[in-house]
Amino acid sequence: MDTAYLAEWANLLLRWLHLITGMAWIGASFYFMGLDQSLKPAKDGNPLIRGEQWAVHGGGFYHKQKFIAGPEKLPEKLHWSKWEAYWTWMSGFSLFVLMYWGQASTYLIDPDVADLAPWEAIAISIALLVAAWAVYDVICRTPWGDDGMAMAIIGILGLALTAYVTTRIFSGRGAYLQVGAMIGTIMAANVLMVIMPGQRKMVAAVANGTAIDPKWGGMGKQRSIHNNYTTLPVIFLMISPHYPMFWQHEKAWLLLVAMALAGALVRQFFNLRHQGIQVYDFWLAGGVVVVLVAVFIAPPHVAPPARGEAPTFAEVQTIMSQRCMECHQPRPTNPAFAAPPKGVVLHTPSHIQRQAQAWVTQVRSEAMPPNNATGLTAEERGRLLAWVAAGARRD
Ligand code: HEC
């Protein structure tokens, strides 16, 4: 079996796993943040209980209680949540290695941005992943770490700087995924390096009957709050490869920050809502940011060409056969592809016409050809767009 085919399977299985474990992890994060924020003082006045919640779900009633200083005796069976986080990171990282490092020239490098050799791009990518965690972790341990507002501001500024730098090193798409991988790495490292060790100390203290230092749980709580606010931004970055309108834009870095901000604002709305505070400002602010982005990146309207000036279909076919078909035909001649990418073929008149709406977004945003591998000229791009604007007719 050829390697491109096996790689496709590896890609599918890793992506599948990544989505499943990611849902389990983020689901737990949403659940526990919501639970924490909706806890009410315990009715029976037990001083060990910080708060409790009654819920009805799945055909039964649940009574949850939070013991901030631990129960008097360690329960026989204690449920931990950690493998969701570890597997999300391991599957995501493997997928990133397979695609963005394994095929760095296709996905990570854009010679017009920086003409890097694959090994250089990969080395920078690794260094940035490590640096992201190191810098973040140090900042969390300063007095700012305890100040939610300060951390929000530092987070946005840090993200802006990272987005700006990465979009000057990698392809737009590569930069978005790199930033997503950096945030994802911070989130998983928070679980591995801070939350888990703190919880292990708490459990040991309960088992030995010694006092629990509130610092252990406090640090974990701080990190899990950060993880909660980064979920929506990270998911946006993970689905961004489908939307070249962001990362192909010349202000790609700013769009990244704006969309991440919108995600965090929406999360803030939900977190307040769980506390019983219904403030729609945050939800609205997130919406306003998204609308502003949409207006800002809206493509200029291509006026349909005057009668007789519309490009002919023959012209479109010629452009496609020169600029697209080496990849987009049943047996691509480009050696990098065993099969047409995304199953998109443009080798027959009918395929070109039927898929006009699909390829016009790719051509307009300059996502295709990737890194303009086949040298599509601005004039040719304009002709393709004009043909679609004129009604994509074959006559
Ligand atoms: C060097 C190879 C190559 C060339 C040349 C190329 N493409 Fe692509 N195309 C790709 C790859 C790789 C993908 C899949 C990108 C991804 O993984 O999201 C793709 C995806 C697409 C998609 C599907 C996008 C989606 O996410 O659904 C369309 C439509 C498309 N190309 C159109 C074109 C058009 C039109 C041209 C010519 C102007 C072109 N391509 C030239 C490699 C190429």
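Order of appearance sets the numbers: ligands from 1, and atoms from 1 within every ligand. Residue numbers start at 1 and run along the sequence shown.
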With a cut-off of 4.0 Å, which atoms of ligand 1 are near a heavy atom of [X]?
{"X": "Phe337", "answer": "2 (C), 12 (C)"}
{"X": "Asn334", "answer": "1 (C)"}
{"X": "Val363", "answer": "35 (C)"}

Not counting sequence neighbours, list each pair that qualifies as a salt bridge (Lys or Arg N to Asp or Glu O under 4.0 Å) and has a residue in residues 205-222. Asp36-Lys221
Residue pairs passing the salt bridge (Lys or Arg N to Asp or Glu O under 4.0 Å) test where at least one lies in residues 139-153, sequence neighbours excluded: Asp137-Arg141
According to a 4.5 Å side-chain heavy-atom criterion applied to Ile, Leu, Val, Met, Phe, Trp and Tyr, with indirect links allowed, do Val165 and Leu159 form part of one hydrophobic cluster? yes
Is there a path of hydrophobic side-chain contacts, each under 4.5 Å between heavy atoms, that joins Val97 and Met182? yes
Distance (rounded to the nearest 0.5 Å) between Thr312 OG1 and Arg383 CZ: 8.0 Å
Are Tyr86 and Trp89 close enough that their ring centers fall under 6.0 Å? no
Total protein N, O or S atoms, atom 8 (Fe) of ligand 1, separation less than 2.8 Å: 2
Ligand 1 contact on Tyr243 by region, counting heavy-atom pairs under 4.0 Å: neither
Heavy-atom distances under 4.0 Å are what count here, so tell me which part of Arg173 touches ligand 1: side chain, backbone, both or neither. side chain
Tell me the closest heavy-atom pair linking Ala163 and Val257, and the distance in Å. CB-CG2, 4.4 Å
What residue and heavy atom of the protein are closest to atom 5 (C) of ligand 1, and at what distance? Arg323 O, 3.3 Å
May I ask you to check whether His242 has an N/O atom sitting below 3.5 Å from an N/O atom of ligand 1? no
Would you say the side-chain atoms of Ser125 and Gln178 include a donor-acceptor pair closer than 3.5 Å? yes
Under the side chain to side chain donor-acceptor pair (under 3.5 Å) rule, collect the residues that match up with Asn371, sequence neighbours excluded. none
Is the closest heavy-atom distance from Leu346 to ligand 1 below 4.0 Å? yes
Check whether His63 reaches the backbone of Trp54 with its side chain - one donor and one acceptor, N or O, closer than 3.5 Å. no
